[in-house]
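Numbering starts at 1 and runs along the sequence shown. Both backbone and side-chain heavy atoms feed into the values below; hydrogens, waters and symmetry mates do not. Fair warning: this is a prediction, and the values are worked out from it, not measured in the lab. Just follow the structure's listing: the first ligand is 1, and inside any ligand the first atom is 1.
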Amino acid sequence: MKVRVRYAPSPTGYLHIGGARTALFNYLFAKNNKGQFIVRIEDTDLERNITDGISSQLDNLRWMGIIPDETIDTLGEYGPYKQTERLDIYLKYAHELVKNKHAYYCFCTSETLDKMREDQTADNILAFQYDKRCLKLDDKTIVDNLQKKVSYTIRIIIPDDKIYMIADLVRGNVEFKTQDLGDFIIIKSNGVATYNFAVVIDDHLMEISHVFRGEEHLSNTPRQLVIYEYFKWTPPVFAHMTLIINSDRKKLSKRDGSLMQFIHQYRQEGYLPAAIFNFIALLGWSSHEEKEIYSKEQLIKLFTPKYLSQAPSMFDPQKLLWMNNQYIKQLTNEQYLALVIPFIKTKYNWSSNSSEWWAQMLIIYQPQLEYGAQINELVTLFFKNNYQLEVDAKTFMKENYCKNVCTTFINKIVACQGWTNENIKTIINEVKVETKVNGKLLFMPIRIITTGQMHGPDLVSTIKLLGYDTITKNLKLNFKK
Ligand code: GLU
């Protein structure tokens, strides 16, 4: 069977983590099966579309490495790939259903429908259903209305008390009853198809074989199955993926400001696409191996719907930070500098130091950097006006042995000839030999008197990069004999 899958975003918002996961699983499945991955733009909800919706979806998918084989700017044989360019197609199929008595014109006004809704509420009917009154219209009334250009919608006839079943790749066999569906609208009064109708026509015409989508679409599935049945088309295989939840076990909500939820935000903050790809692949899927770091190629090779999770998957921003750091550590110096320099330039005056100095300084933070923008918080040590001791450092310096380590170090460092990493390292080594103190106990007092703080990046490089003048100034400030 030819595998063709699609990600079908509505451009009513930017690329969200949930959407990115849907796209990613479809993509992995397609590539694992040497199939095609299509991005179809479902833009029929005209009022809700936003200006940058389409470009945000496509640009950010491509940034992540999820490259469509067919979409609005990479045409294949199955276009157009934007639903507003397919409206005539939907009308043609809708009229075919009307002709075959599977659908009908509904001339009810919004006032009539409001009244119907009120009456049903008064009768304690919870889920509104259209009462089929236009199904009973005689042919003459219909023809008259159409001639008079009375506004209409097209509704599909939902069979009574039928049961549909799908073999969902995540949930197994799922049964749906038709009784609560109601004759829903497939063409709105402005002539535009509704989602449930357009999606079926497109999935069929685009020969979509499998549909991986969020579980919020499960309730739409029976509506879509009715349409497949009327046209005698085979539905695709469905996989409804479970929710993504936050650490409070609540469904991720686009309105929740406590968590970055859009891919462009991670991109702007200097997360790496390969890390985001890897992280999102593990939201609701696992390889059943004892590891978490996977390249795109490995994920393509390993992906199987068998391991899609049945339980909600937790979005843990701490884990993402950890993972991003794993990827940052693997970058070459050049790649790393290309990541952090644009951030540095937003806050610091690049021309205040040589490029060589900047490169050496930035590289000492590579092992700990979690995301690009974080660099500006990490490097503050090099841009302080005041290197006075932090409180904890003061307490530490009361240890008796510190005096000896510090005096020995100071005597040597102020006399240092040739300010290189090598020479500074040699000096610290000599202090070690002469004082017989080593490890953390050796480094801590030296770090404190040279930088004022107890923690920081590689000590030798830090001393070198702060420079002779700053170091000797700090020593005077922070160490009294
Ligand atoms: N356009 C729908 C959405 O954005 C996709 C529906 C589907 O995958 O069937 O949620």
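In this pair, His288 and Tyr307 present their aromatic rings parallel. The plane angle is below 30°, not in the 30 to 60° band. Using cut-offs of 30° and 60° for the angle between ring planes, the Phe212 and Phe29 rings count as tilted.
Here Lys162 pairs with Glu229 under the salt bridge (Lys or Arg N to Asp or Glu O under 4.0 Å) rule; sequence neighbours left out. The ring-ring contact (aromatic ring centres under 6.0 Å, His included) test applied to Tyr371 returns Tyr271, not counting sequence neighbours.
Glu42 OE1, 2.6 Å is the protein heavy atom nearest to atom 1 (N) of ligand 1. At the top of the distance list for atom 5 (C) of ligand 1, counting protein heavy atoms only, stands Ala8 O, 3.2 Å. Protein heavy atom nearest atom 10 (O) of ligand 1, with residue, atom name and distance: His217 NE2, 2.8 Å.
Near Tyr195, the atoms of ligand 1 lying under 4.0 angstrom from a non-hydrogen atom of the residue are 6 (C), 7 (C), 9 (O). Contact atoms of ligand 1 toward Val199: 9 (O) (distance under 4.0 Å to a heavy atom of the residue). Residue Arg213 has at least one heavy-atom neighbour below 4.0 Å for each of these atoms of ligand 1: 7 (C), 8 (O), 9 (O).
Residue Arg171 is tested with Thr242, Ile166, Leu308 for a side chain to side chain contact (heavy atoms under 4.5 Å, CB included); the sole match is Thr242.
Taking a cutoff of 4.0 Å between a charged side-chain nitrogen and a carboxylate oxygen, Asp88 and Lys92 do not qualify as a salt bridge.
Note on ligand 1: Arg6 sits in its first shell, one or more heavy atoms being nearer than 4.0 Å.
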